[in-house]
Amino acid sequence: MANENEVDVVVVGLGPGGESLATQLAKGGLSVLGVDRRLVGGECPYYGCIPSKMMIRAADVLAEGRRIPDFAGQSTVTPDWKPVHARIRDEATTDWDDATAVKRLEEAGVRFVRGPARLIGSRQVEVSPSTGSGHRATTYSARTGVVLNTGTEPAVPPIDGLAGTPYWTNRDACRLEELPGSLIVIGGGAIGAELAQAFSRFGVQVTVLEVAPRILAPEEPEASKLVADVFGEEGIQVLAGVTIESVRYDEGQFAVAVGEQTLHADKLLVSAGRRPNLGDLGLDTVGLDPAARSVDVDTRLRATGADGLWAIGDITGKGAFTHMSMYQAAIAARDILGQDGPEASYHAVPRVTFTDPEVGSVGMTEKQARDAGLSVRVGTTDLASSTRGWIAKATGLIKLVEDADRGVLVGATVIGPSGGEILSMLTTGVHAQVPTDTLRSMIYAYPTFHRAVESALADLG
Ligand SMILES: Cc1cc2nc3c(=O)[nH]c(=O)nc-3n(C[C@H](O)[C@H](O)[C@H](O)COP(=O)(O)OP(=O)(O)OC[C@H]3O[C@@H](n4cnc5c(N)ncnc54)[C@H](O)[C@@H]3O)c2cc1C
């Protein structure tokens, strides 16, 4: 008799990649068990990309309304958070319920179990019952193997006093029904910067604290400066290069000691990076280091040093983006199904910070290219001086990084309206290693924002 707890593949963690991979494998004819201890779909639809972009869309509409006097008469803008919360609750997350996602998964042929899972040896997974179910842990074996897609949790820095306070993470921010009067944001990376600007545009008094010398530290310095300047103009206080000494919470107020000064606010949002969900996964039972920050994978997403194990998504350390998780899912699915196809390559990873101005970038920064020993040429252009930028009264910049020896772009950054959309042609350039001479010989539609790429190419010399 067939053992019902023996399947072809067990997928542990159903973030965007795991959900997609499990579906592809089931449609490919394999028996698949998908396990998640929380919500099918992971961080992105419930607490990440989608709710945050709904907030940002609403905040951008407010900002556009406030710009009417620059272009077209008078405006009075009265922000109201209720429609934003209602849209996130009803349209994005169905009140943080994954029933639709579970149904979609099961209709595709995946068997779903909810609960925390851990490896207990090669191709063996133990799933504990989800809270309150009263069941004992169940062991599943996977004939082909196990795929890990366990993602990340918000990291909480070891600041004196912080742990005992009712601070928020992105998960609280995405569920907000009412806005506070004032907010301190610890961490000026992509998540902190996006949420800081969105809340500020709704009238919250926001201060961003960043320990690195600049916000958006992984991006080009020009991007950090432009965004920080706009934040300043919009009334967001940005303190970079600071040391956060302590956090206290008393009578409904946070007090954050930063160097010599103490800042006060109604609420505190911690967006200081992410912690991979690897510690409690039983990695040691398959010969891997449970204290590692990521799972080492090859170009087919097979975990290095463990047989019958694949890993995808944030835990691979190749870029914590939904598009990375989905990209890797497709490659791992092909590998498991024995299908041919391109292997993973990370030379043209695009990323977008959805601030206004939006920061889209791909590949290497200038510094990364120089550190890699390339013969670097840089071309920049001010978006405001392009015809479209001038018409729109836009703020922005395009920066290209060329490997001059090969005559191809290895990196690009677009800061400005729809920066992430303009980026697409440069992502093609970096991905396909299109010669910069070929990019120069193209026709760029007039008057578009992307036409500024032509000027940046000319600036390469
Ligand atoms: C506020 C915010 C905004 C973001 N915006 C963007 C954006 O605009 N664009 C973008 O590309 N990315 C964005 N991201 C990042 C994006 O959400 C992640 O990169 C994406 O969710 C992919 O993660 P993942 O597939 O690795 O897993 P996750 O989405 O983290 O999912 C992992 C799943 O594994 C489950 N799990 C963990 N451990 C276990 C276990 N032991 N047993 C069973 N289940 C387990 C979890 O419950 C979870 O459902 C944002 C993130 C945040 C926080």
Side-chain angles (χ1 to χ4, degrees), residues 10-22 33-57 88 92 96 98 101-102 112-120 125-130 137 140 146-155 168-175 185 187 189-196 198 269-283 290 294-295 301 311-329 332 349-355 358-360 420:
V10 179
V11 182
V12 177
L14 297 165
E19 186 184 4
S20 161
L21 173 91
L33 177 78
V35 190
D36 202 292
R37 65 183 178 191
R38 298 178 69 194
L39 296 168
V40 172
E43 200 78 3
C44 176
Y46 299 100
Y47 301 108
C49 331
I50 294 182
S52 65
K53 264 81 260 180
M54 280 188 173
M55 294 180 201
I56 289 163
R57 169 67 183 136
I88 293 172
W96 290 272
D98 65 353
V102 171
F112 174 65
V113 174
R114 200 180 307 274
R118 61 190 303 272
L119 294 160
I120 53 166
V125 173
E126 181 186 79
V127 184
S128 300
S130 45
Y140 297 90
V146 175
V147 184
L148 303 177
N149 175 230
T150 50
T152 59
E153 301 284 318
W168 288 345
T169 68
N170 62 295
R171 294 184 181 161
D172 307 284
C174 288
R175 298 186 81 125
V185 180
I191 295 172
E194 288 181 0
L195 295 177
L269 171 65
V270 176
S271 58
R274 311 284 301 175
R275 183 174 58 80
N277 289 320
L278 294 177
D280 52 0
L281 257 190
L283 288 177
S294 59
V295 178
L301 286 315
I312 59 170
D314 292 4
I315 56 169
T316 63
K318 305 291 186 193
F321 311 110
T322 290
H323 45 271
M324 179 60 74
S325 190
M326 306 285 285
Y327 170 75
Q328 294 178 325
V349 179
R351 52 201 183 270
V352 181
T353 302
F354 292 86
T355 43
E358 196 166 286
V359 180

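As the structure lists them, so they are numbered: ligands from 1, and atoms in each ligand from 1.
A donor-acceptor pair under 3.5 Å is absent between the side-chain atoms of Tyr327 and the main chain of Thr322, judged by distance alone. Here the side chain of Thr169 pairs a donor or acceptor atom with the backbone of Arg171 at under 3.5 angstrom. Judged purely by atom type and a 3.5 angstrom limit, Ser271 uses its side chain to pair as donor or acceptor with the backbone of Gly187.
Applying the 4.0 Å criterion to heavy atoms of Gly313 picks out, from ligand 1, the atoms 26 (O). In summary, the atoms of ligand 1 found under 4.0 Å from a heavy atom of Arg274, numbered by their order in the structure, are 53 (C). Listed by atom number, the atoms of ligand 1 under 4.0 Å from Lys53 heavy atoms are 5 (N), 6 (C), 7 (C), 8 (O). Of all the atoms in ligand 1, the ones that sit under 4.0 Å from a non-hydrogen atom of Thr152 are 30 (O). Near Asn149, with a cut-off below 4.0 Å to any heavy atom, the atoms of ligand 1 are 24 (P), 25 (O), 26 (O), 27 (O), 32 (C), 33 (C), 34 (O). Set against the non-hydrogen atoms of Pro116, the atoms of ligand 1 under 4.0 Å away are 42 (N). Applying the 4.0 Å criterion to heavy atoms of Tyr47 picks out, from ligand 1, the atoms 1 (C). Atoms of ligand 1 found under 4.0 Å from any heavy atom of Leu39 (numbered from 1 in listed order, with element): 49 (O).
Atom 30 (O) of ligand 1 has Gly151 CA, 3.3 Å as its closest protein atom, hydrogens excluded (heavy atom only). If you check which protein heavy atom lies closest to atom 50 (C) of ligand 1, you get Cys49 N, 4.0 Å. Distance from atom 42 (N) of ligand 1 to its nearest protein heavy atom, with residue and atom name: Ala117 N, 2.9 Å. At the top of the distance list for atom 15 (C) of ligand 1, counting protein heavy atoms only, stands Ala320 O, 3.6 Å. The single protein non-hydrogen atom nearest to atom 22 (C) of ligand 1 is Asp314 OD1, 3.6 Å, given as residue, atom name and distance. In terms of protein heavy atoms, atom 33 (C) of ligand 1 is closest to Asp36 OD2, 3.4 Å. Annotation: atom 3 (C) of ligand 1 to nearest protein heavy atom, Gly48 C, 3.4 Å. Protein heavy atom at the shortest distance from atom 20 (C) of ligand 1 is Thr322 OG1, 3.4 Å.
Among all heavy-atom pairs drawn from Cys174 and Tyr47, the shortest one is SG-O, 3.3 Å. Here the closest heavy-atom approach between residue Asp314 and residue Gly151 is recorded as CB-CA, 4.2 Å. Shortest non-hydrogen contact noted between Asn149 and Gly15 is OD1-N, 2.8 Å. Between Val127 and Ala117 the shortest heavy-atom distance is CG2-CB, 4.1 Å. Here the closest heavy-atom approach between residue Phe354 and residue Glu194 is recorded as N-OE2, 2.7 Å. Minimum interatomic distance between Ser52 and Leu195 (heavy atoms only, all atoms of both residues): CB-CD2, 4.2 Å.
Under the 4.0 Å criterion applied to side-chain N and carboxylate O atoms, Arg114 and Asp98 are assigned as salt-bridge partners. Between Arg351 and Glu358, no side-chain nitrogen of the basic residue sits less than 4.0 Å from a carboxylate oxygen of the acidic one, so the salt-bridge criterion is not met.
Contact annotation for Ser325 and ligand 1: only side-chain heavy atoms (C-beta onward) come within less than 4.0 Å of the ligand. When non-hydrogen atoms are compared, ligand 1 lies under 4.0 Å from the side chain of Asn170 (C-beta onward) but not from its backbone. With a heavy-atom cut-off of 4.0 Å, Cys44 touches ligand 1 through backbone and side chain alike. Using a 4.0 Å cut-off between heavy atoms, Thr150 contacts ligand 1 through both its backbone and its side chain. Counting heavy atoms closer than 4.0 Å to ligand 1, residue Asp280 contributes nothing at all.
For ligand 1, the polar-atom distance check against Asn277 finds no nitrogen or oxygen pair separated by under 3.5 Å. Residue Phe354 has no nitrogen or oxygen atom sitting less than 3.5 Å from a nitrogen or oxygen atom of ligand 1, judged on distance alone. Considering backbone and side-chain atoms alike, Arg37 places an N or O below 3.5 Å from some N or O of ligand 1.
The shortest side-chain heavy-atom distance between Asn277 and Arg37 falls under the 4.5 Å cut-off. Asn170 is listed as a side-chain neighbour of Arg274, based on a closest heavy-atom distance under 4.5 Å. Between Val35 and Leu14, the closest side-chain pair of non-hydrogen atoms is not below 4.5 Å. Inter-residue side-chain proximity for Leu119 and Val125 is flagged as met; some heavy-atom pair is nearer than 4.5 Å.
Using 4.0 Å as the threshold, Gly115 has a heavy atom nearer than that to some atom of ligand 1.
With distances taken over non-hydrogen atoms, the option nearest atom 28 (P) of ligand 1 out of Glu43, Arg114, Glu19, Arg118 is Glu43.
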